[in-house]
Amino acid sequence: MFRVPQTCKGVHPLRFWPFIQARCTFSPAATTSLQFISDGYENENKDLDFKLLFSSCTNVHLAKRLHALLVLSGNAQDIFLSTGLVNLYANLGDVSFARHTFDQIQKKNIFTWNSMISAYARVHRYHEAVNCFYQLLLTSCLQPDSYTFPPVLKACGNMVDGKKMHCWVLKLGFEWDVFVAASLVHMYSRFGFLGVARKLFNNMPVRDMGSWNAMISGFCQNGNAAEALDLLDEMRLDGVKMDPVTVASILPVCALSDDILVGILVHLYSIKHGLESDVFVSNALINMYAKFGNLGHAQRVFDQMEVRDLVSWNSIIAAYEQNEDPITALGLFKEMQLVRIQPDLLTAVSLASIVAQLSDHRNSQSVHGFVVRRGWLMKDVIIGNAVADMYAKAGSVDSARRVFEGLPVKDVISWNTLITCYAQNGLASEAIEFYHMMVEHIEIIPNQGTWVSILPAYSHVGALQQGMKIHGRVIKNCLYLDVFVGTCLIDMYGKCGKLDDAMSLFYQVPRKSSVPWNAIISCHGIHGHGEKALKLFNEMIDDGVKPDHVTFVSLLAACSHSGLVDEGQWCFNVMQEKYGIKPSLKHYGSMVDLLGRAGRLDLAYNLIQNMPIQPDASVWGALLGACRIHGNFELGSIASDHLFEVDSENVGYYVLLSNIYANVGKWEGVNRVRSLARDRGLKKTPGWSSIEVNNKVDVFYTGNQTHPKSEEIYEELEVLTAKMKSLGYVPDYSFVLQDVEDDEKEHILTSHSERLAIAFGIITTPPKSTIRIFKNLRVCGDCHEATKFISRITEREIIVRDSNRFHHFKNGICSCGDYW
DNA sequence: GTAGGGTTAG
């Protein structure tokens with residue numbers, strides 16, 4: 001209760017009253033209170049209930065009116081009222097106004113300071129909260145009290161600040177206050193100082209629910225699942241029951257440690273004790289079930305909620321988004337807007353991810369605009385990264401780069417996002433360049449995500465030595481080998497031709513999930529070791545690891561590369577019947593490839609005709625490729641008709657078709673296809689090959705003449721071609737699409753990128769050492785033949801990895817047995 | 001008029 005002081009005689013403070021009444025809605029109680037002010041001005045003895053007045057201000061607008069009123073009535077310097085205003089603004093989330101009001105107060109007491117400090121802590125402006133505490137010590141003659149410390153302890157961002165604060169607690173003698181003690185316990189356990197936290201906890205003379213929760217939640221936020229669960233058990237033995245706070249702390253830990261059993265038990269406990277009605281508990285349940293991939297349970301919890309807040313909506317949207325159901329997630333987002341819940345930054349993060357999954361570039365721009373309009377891009381790096389990733393997944397590399405450049409703060413994930421963006425959009429060299437730029441920023445410390453981004457780029461261009469450097473860094477920096485980093489390394493060694501190293505690494509990584517198994521099976525496949533791939537698959541089953549759709553893509557490809565037709569068909573059946581995996585386009589593509597290469601064109605065509613889904617270019621392309629191998633131009637033209645319907649842009653298919661015609665001497669057809677490709681103005685995917693010499697990757701494009709060693713390379717090729725011809729090499733012009741004279745055709749074949757790279761290898765590496773080449777497209781048939789001769793002439797092992805598999809050339813023979 | 005321990009993230 002408050003009595004209006006006699007300060008502002010002369011001006012009626014409430015001459016604005018009708019004006020305020022017209023614009024603001026106060027509760028009836030508040031209206032009465034305001035009337036009281038008015039009356040109090042007339043009759044100075046009336047008591048006013050300002051508490052009511054404060055509580056009736058439900059938005060910043062109303063608060064400002066009340067504030068103006070207090071200023072006008074001369075009450076702004078009153079210590080009770082002004083502190084009330086600081087709190088009011090803080091509760092309404094406007095901490096800058098709270099600070100402004102705070103600064104205006106001339107005689108602050110400890111309540112005022114405590115209000116300001118907790119205002120900062122509540123909105124997570126921790127740095128300012130701590131600064132405010134030190135300001136209190138330095139600029140006022142006031143002593144902090146037991147109310148001061150809990151928010152300040154929460155605000156300590158690191159152990160150095162935390163220890164300093166602990167000293168102040170001890171100095172001023174507040175360590176036995178139950179709230180302060182709980183805050184200390186929580187702070188130490190949050191930073192992983194579990195021993196200290198435990199000691200403080202054990203020494204507490206009084207323990208309430210909050211003390212237990214402080215200790216448990218500290219463990220939880222630190223990811224110490226086992227300790228958290230142990231303590232929970234101890235609490236139970238002590239006869240203390242879990243409350244909503246305990247449950248909301250423990251549920252994320254169940255998800256983190258993949259402990260679905262405890263998760264369900266805690267859920268049952270919550271139902272039994274009526275804790276489900278707590279919105280934090282329900283939200284935590286939704287999140288936990290989402291992480292277990294159990295959308296049904298998540299949805300059920302959401303449906304049963306009586307009160308849903310922003311976090312509930314964000315959680316259920318993210319649940320669907322992260323379980324690859326962007327359509328439902330988008331529907332929920334719309335529903336959320338219908339019930340007038342305002343989205344926040346985290347909603348936008350999910351939204352960006354939803355749009356990325358739908359790979360709809362137009363919507364990408366709307367989401368980007370949505371985020372920019374609200375100023376969120378400048379506010380938090382997380383949303384910036386999400387938007388960059390959204391563009392990356394939509395293939396808009398330039399947009400992703402622009403978002404990245406515009407970020408006020410870039411963290412390691414921003415860099416990782418861009419590296420992945422380049423790598424996944426086929427720009428491996430750019431990804432590598434970007435990684436080198438990142439390394440120059442010493443404040444950015446690479447993490448596991450960085451290795452996962454950069455290793456595939458190194459695999460892609462075959463940079464074995466640089467990939468091994470990363471392996472070295474991983475060993476140095478990480479205590480254990482993360483499954484994903486481990487798998488990337490396996491993939492890198494495998495794709496760089498080091499199958500043995502891939503294998504020994506495989507036995508070092510955790511093999512509970514299908515991820516590393518898929519990688520090692522795929523590695524054996526591209527090396528043409530189909531039998532070994534099947535053996536690994538059986539081992540995987542014996543180990544109790546469940547194969548997924550990726551496993552079968554790798555496995556079918558492995559069978560296809562090795563000509564294991566029966567085994568491939570067996571896999572295709574097992575996949576559907578035993579594991580209930582519906583074949584995707586990739587599986588069909590592999591099957592058509594497998595059957596087609598083996599000459600079972602009838603079966604392959606039959607399979608396509610009976611597909612329950614629409615075949616895409618890769619499926620028809622596989623059939624066309626098989627037709628070229630087996631010289632079946634009738635089926636080839638059927639395949640190409642379908643192919644050009646679904647993809648008329650890929651010049652590779654025109655080359656294939658013209659090869660088919662050329663092989664059976666139908667020059668008319670060859671010319672027709674060539675002019676078709678020309679008329680459609682098709683740009684050929686530039687073929688390139690790379691080779692790593694002395695830690696440096698050199699990339700050669702077909703016809704490249706700008707390389708510093710260009711002259712020597714072409715000289716070497718001329719000498720080689722002459723020797724090859726004397727051994728019986730005849731150039732196969734059917735691999736030349738251009739309509740030119742034969743000697744020009746020979747020149748074109750000789751300047752294919754793989755040959756330039758091989759010649760460069762020959763002149764820059766010691767005699768008889770192995771040459772490793774990478775080609776982005778399939779190796780050309782003529783080059784394949786030529787490389788056999790070159791391996792014989794130079795007595796070198798030449799390993800060529802193309803977009804499909806490995807070719808191991810030695811003594812004039814290729815490991816693929818010309819089955820490719 | 002002031003305080004601790006809880007849910008969502010790229």
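Below, read A as the first sequence line, B as the second, and so on, with proteins coming before strands; counting in each chain starts at 1.
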Taken to the nearest whole Å, OH/Tyr320(A) to P/dA9(B) is 17 Å
Val381(A) has its side chain closest, among dG1(B), dG6(B), dG10(B), to dG10(B)
- Message: For Tyr269(A), is there any backbone N or O sitting under 3.5 Å from a side-chain donor or acceptor partner on His273(A)?
- Response: yes
Quick note, Pro150(A) side chain, CB onward, closest among dG4(B), dG1(B), dA9(B) is dG4(B)
Of dA9(B), dT7(B), dG10(B), the nucleotide closest to the side chain of Ile413(A) is dG10(B)
- Dump the intermediate steps for side-chain hydrogen bond (donor to acceptor under 3.5 Å, both in side chains) on Arg308(A) and Asn283(A), then the final yes or no. CA-CA 9 Å; Arg308(A) 300 187 186 104; Asn283(A) 292 346; over 6 Å; no
Per atom distances to the Val349(A) side chain, the nearest of dG4(B), dG1(B), dG10(B) is dG10(B)
Between the base of dG6(B) and the side chain of Asp278(A), is there a donor-acceptor distance below 3.5 Å? yes
Taken to the nearest whole Å, CE/Met204(A) to P/dG5(B) is 13 Å
Looking across every strand, which nucleic acid part, if any, lies under 4.0 Å from Ser146(A) by heavy atom: base, sugar-phosphate, or nothing? base
Against the side chain of Leu346(A), the closest entry in dT8(B), dA3(B), dG10(B) is dT8(B)
What's Met288(A) touching, base or sugar-phosphate or nothing? Going by heavy atoms closer than 4.0 Å. nothing
> Within 45° of the six-membered ring axis of Tyr126(A) and under 6.0 Å from that ring's centre, is NZ or CZ of Lys154(A) located there?
Replying inline: no
With sugar-phosphate meaning primed atoms plus P, OP1 and OP2, does Gln322(A) contact a base, only sugar-phosphate, or nothing at under 4.0 Å between heavy atoms? sugar-phosphate
Among the nucleotides dG1(B), dT8(B), dG6(B), whichever has the atom closest to the side chain of Ile79(A) is dG1(B)
Could you tell me whether Asp233(A) and Arg236(A) have a side-chain N and a carboxylate O separated by less than 4.0 Å?
yes
Taking dT2(B), dT7(B), dG1(B) as options, the one with an atom nearest any side-chain atom of Val311(A) is dT7(B)
Atom OH of Tyr89(A) and atom P of dG1(B) are separated, to the nearest Å, by 19 Å
Between CG of Asn213(A) and P of dG6(B) the distance, given in whole Å, is 8 Å
Testing dG6(B), dT7(B), dT2(B) for proximity to the side chain of Ser249(A), the answer is dG6(B)
Of the listed dG4(B), dG6(B), dT7(B), the closest approach to the Asn287(A) side chain comes from dT7(B)
Do we count Tyr147(A) as stacking onto dT2(B) if the rule is ring centres under 5.5 Å and planes under 30°? yes
When rounded to whole Å, the CG to C1' distance for the pair Asn114(A) and dG4(B) reads 13 Å
Query raised in the report: Is there a donor N/O on one and an acceptor N/O on the other, under 3.5 Å, for the side chain of Thr83(A) and the base of dG1(B)?
Result: yes
*Check every strand shown and say whether Val281(A) touches a base, only sugar-phosphate, or nothing at a heavy-atom separation below 4.0 Å.*
base
**Report entry** N/O donor-acceptor pair, side chain Asp411(A) with base dG10(B), under 3.5 angstrom
**Finding:** yes
State whether the side chain of Asp238(A) and the backbone N or O of Glu234(A) hold a donor-acceptor pair below 3.5 Å, judged by distance alone. no
Can you confirm whether Trp451(A) sits close enough to Pro446(A) that some side-chain heavy atom of one is under 4.5 Å from a side-chain heavy atom of the other? yes
Margin query: Any side-chain N or O of Lys291(A) below 4.0 angstrom from OP1/OP2 of dA9(B)?
Written below: yes
Arg374(A) to Phe370(A), cation-pi by 6.0 Å centre distance and 45° axis angle: yes
For this session: Would you mind classifying the nucleic acid contact of Asn314(A) as base, sugar-phosphate or nothing, using non-hydrogen atoms under 4.0 angstrom?
Result: base
Out of dG5(B), dG4(B), dT2(B), minimum distance to the side chain of Phe111(A) belongs to dT2(B)
Using OP1 and OP2 only, check whether a side-chain N or O of Ser118(A) sits under 4.0 Å from dT2(B). no
Has the side chain of Asp208(A) got a donor or acceptor that lies under 3.5 Å from a partner of the other kind on the base of dG4(B)?
yes
With a 4.0 Å cut-off on heavy atoms, is Ser211(A) in touch with a base, just the backbone sugar-phosphate, or nothing at all?
base
Met215(A) atom CE is separated from dG6(B) atom C1', nearest whole Å, by 17 Å
query: Is Val180(A) touching bases, backbone alone, or none of the nucleic acid, heavy atoms closer than 4.0 Å?
result: nothing
To the nearest angstrom, the CG-P distance between Leu285(A) and dT8(B) comes to 12 Å
note: Phe302(A), atom CZ; dT8(B), atom P; distance rounded to Å ~ 16 Å
